[in-house]
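A short worksheet on the structure shown next.
Quick note on labels: first sequence line is chain A, next is B, and so on, each numbered from 1.
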2 protein chains.
Amino acid sequence: MSNLDQARVASRSTETTRAALIKAATSVFAEYGYGGGSVRLITQRAMANQAAVNYHFGGKDGLYREVLMAATRAFEENAFLDAEELDSLSPEDALRRYLHQFLLPLVKRDRVSRFLRIFAWESVQPSEVFSAFIANSPPRIFHLAEGVVRRFLPQDASAETVTFATLWLAQQPMFFVRDAERLAQPPFSLKFDEDALERLVDTLAGLSLRGLARV
Amino acid sequence: MSNLDQARVASRSTETTRAALIKAATSVFAEYGYGGGSVRLITQRAMANQAAVNYHFGGKDGLYREVLMAATRAFEENAFLDAEELDSLSPEDALRRYLHQFLLPLVKRDRVSRFLRIFAWESVQPSEVFSAFIANSPPRIFHLAEGVVRRFLPQDASAETVTFATLWLAQQPMFFVRDAERLAQPPFSLKFDEDALERLVDTLAGLSLRGLARV
DNA sequence: TTCCGCTTCAAACGCGCGTTTGAATTTCAA
DNA sequence: TTGAAATTCAAACGCGCGTTTGAAGCGGAA
């Protein structure tokens with residue numbers, strides 16, 4: 001008992017530091033990606049010592065794994081988008097819902113949006129940590145695009161075609177999420193408020209559904 | 001005259017070193033991007049001294065500018081794809097030609113393919129050097145996607161719509177070019193020979209033209 | 001109060017990076 | 001051949017990175 005109590009109480013301050021580090025790491029990695037985010041910046045934002053990362057998580061990679069686990073948990077707790085919910089919609093509405101949810105980080109800066117930004121980074125330059133992470137427990141979020149695409153493709157579509165189309169669809173919102181800041185500046189000067197988000201969803205959904213020929 | 005001769009002859013060996021550095025830098029930056037490519041690797045491949053980069057180009061950024069200038073020159077000398085050639089084709093064929101040319105690096109490893117890979121890197125993480133470079137002399141290559149897209153969009157399409165659609169189209173081949181190596185491994189295991197390239201062009205052109213609804 | 005594990009802390013380590021340095025070497029006009 | 005300019009070279013510099021170190025601080029048990 002005494003051991004347990006001590007562990008419990010001691011872990012109170014431990015949990016405070018751990019939570020602060022995970023929160024700071026989430027925002028830093030969302031901003032700069034895993035490779036671009038530094039331990040020094042993370043500990044600075046968490047108001048913790050640099051060595052705390054190694055003490056509590058064994059290193060930068062361990063902290064990142066913790067962030068990825070939190071992200072997976074958030075997505076699987078239906079905090080984001082559920083495959084069953086998509087199935088209940090028409091294919092067209094499922095596509096629009098998919099695009100809308102993945103483009104949300106353009107206008108919201110909440111926890112889930114930061115997780116999405118991290119995934120957007122990993123979609124263009126996967127870290128070894130991430131690759132190993134999804135190899136062990138592939139997150140459901142990756143099946144969403146395939147699920148949406150499959151409802152449009154014929155049953156006998158080749159696996160290669162399905163892969164092409166899935167990658168094609170998944171990339172579309174990722175690009176805008178990842179590069180939102182850059183697109184806000186010249187020569188593009190795209191400002192994303194909620195109306196612009198709806199127009200972007202409309203445009204992307206139209207392009208995805210009917211292609212250029214019908215825009 | 002004597003000064004000129006001296007400069008000319010001296011520049012013979014100079015040009016040898018410069019050319020070797022530019023060639024090595026092109027392949028290194030194509031493989032790892034500007035930030036990921038190191039001066040040490042470049043000089044090693046060029047069999048030159050590390051200090052040569054600073055001596056001849058003033059630094060890593062100056063060398064990169066030289067590579068970008070060579071790329072711009074290659075593209076403007078019709079070594080790649082000409083806007084007028086695209087205009088001479090039907091919109092559908094122009095789109096297919098655009099996609100085909102931008103996907104060529106998947107099967108070819110020539111000079112132009114390396115330039116395209118560099119552009120693919122810059123499309124996701126623009127370096128300051130690149131941003132400054134295109135600010136001074138925007139390369140024609142960037143107008144190609146807009147030119148293709150515009151022929152499908154109605155005349156009165158808003159500037160925002162044109163931008164959305166242009167970015168959307170430009171991203172599609174970039175993704176496959178940039179991540180070819182990763183896509184070759186599980187879980188995707190995509191092998192790109194010339195046949196696969198044609199199928200990818202078909203798929204992307206179909207998706208771009210008619211969307212998911214008609215695949 | 002004393003002691004002992006847990007946690008924090010400032011400092012330093014080792015590494016790779018782009019760059020600088022100053023001497024050695026090469027080049028070529030005079 | 002000579003001397004000055006251009007070029008090459010090995011070595012080192014300064015910086016930021018992730019990580020390690022060992023002492024200091026802290027809190028609860030005896």
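- The distance from atom CD of B/Glu15 to atom P of D/dT7 is 10 Å, rounded to the nearest whole Å.
- Distances shown here put every side-chain N or O of A/Ser38 at or beyond 4.0 Å from the OP1 or OP2 atom of D/dG16.
- Relative to the side chain of B/Ala51, the nucleotides C/dA10, C/dT7, C/dT21 differ in distance, and C/dT21 lies closest.
- Position along DNA chain D of the nearest nucleotide to A/Gly36 versus A/Asn54 favours A/Gly36 as the more 5'-ward residue.
- Checking D/dT8, D/dT19, D/dT7 against every side-chain atom of B/Thr14, the shortest atom distance belongs to D/dT7.
- Computed from coordinates, the A/Gln44 CD to D/dC17 P distance equals 10 Å when rounded to whole Å.
- One can place CD1 of B/Ile42 at 15 Å from C1' of C/dG16, the figure rounded to the nearest angstrom.
- Ion pairing of B/Arg199 with B/Asp195 is absent here, as no side-chain N (NZ or NE/NH1/NH2) approaches a carboxylate O to less than 4.0 Å.
- Side-chain atoms of A/Arg40 come within donor-acceptor range of the base of D/dG18, with a qualifying N/O pair under 3.5 Å.
- Paired with B/Val39 under the rule side-chain contact (heavy atoms from CB on, under 4.5 Å), one option of B/Val53, B/Val28, B/Leu21 passes, and it is B/Val53.
- Considering only side-chain N and O atoms, A/His56 lies nowhere under 4.0 angstrom from the phosphate OP1 or OP2 of C/dC6.
- At a cut-off of 3.5 Å, with distance as the only test, a side-chain donor of A/Arg97 or A/Gln101 sits close to an acceptor on the other residue.
- Residue-level contact check: B/Gly58 touches neither bases nor backbone, having no heavy atom under 4.0 Å from any strand.
- Here D/dA10 is the nucleotide among D/dT19, D/dA10, C/dT8 with the atom lying nearest to any side-chain atom of B/Asn49.
- Between A/Lys60 atom NZ and D/dC17 atom P there is a gap of 9 Å when expressed in whole angstrom units.
- A/Gly35 comes within 4.0 angstrom of no nucleic acid atom, judged by non-hydrogen atoms across all strands.
- Atom CD of A/Gln50 is separated from atom P of C/dT7 by 20 Å (rounded to the nearest Å).
- For B/Phe29 and B/Phe115, the gap between ring centers reaches or exceeds 6.0 Å.
- In this structure, OH of A/Tyr55 is placed 17 Å from P of D/dT19, rounded to the nearest angstrom.
- In this structure, CG of A/Leu63 is placed 15 Å from P of D/dC17, rounded to the nearest angstrom.
- Between the CZ atom of A/Phe57 and the P atom of C/dT8 there is a distance of 11 Å, rounded to whole Å.
- Below 30°, between 30° and 60°, or above 60°: for B/Tyr34 and B/Tyr64 the angle between ring planes is below 30°, a parallel geometry.
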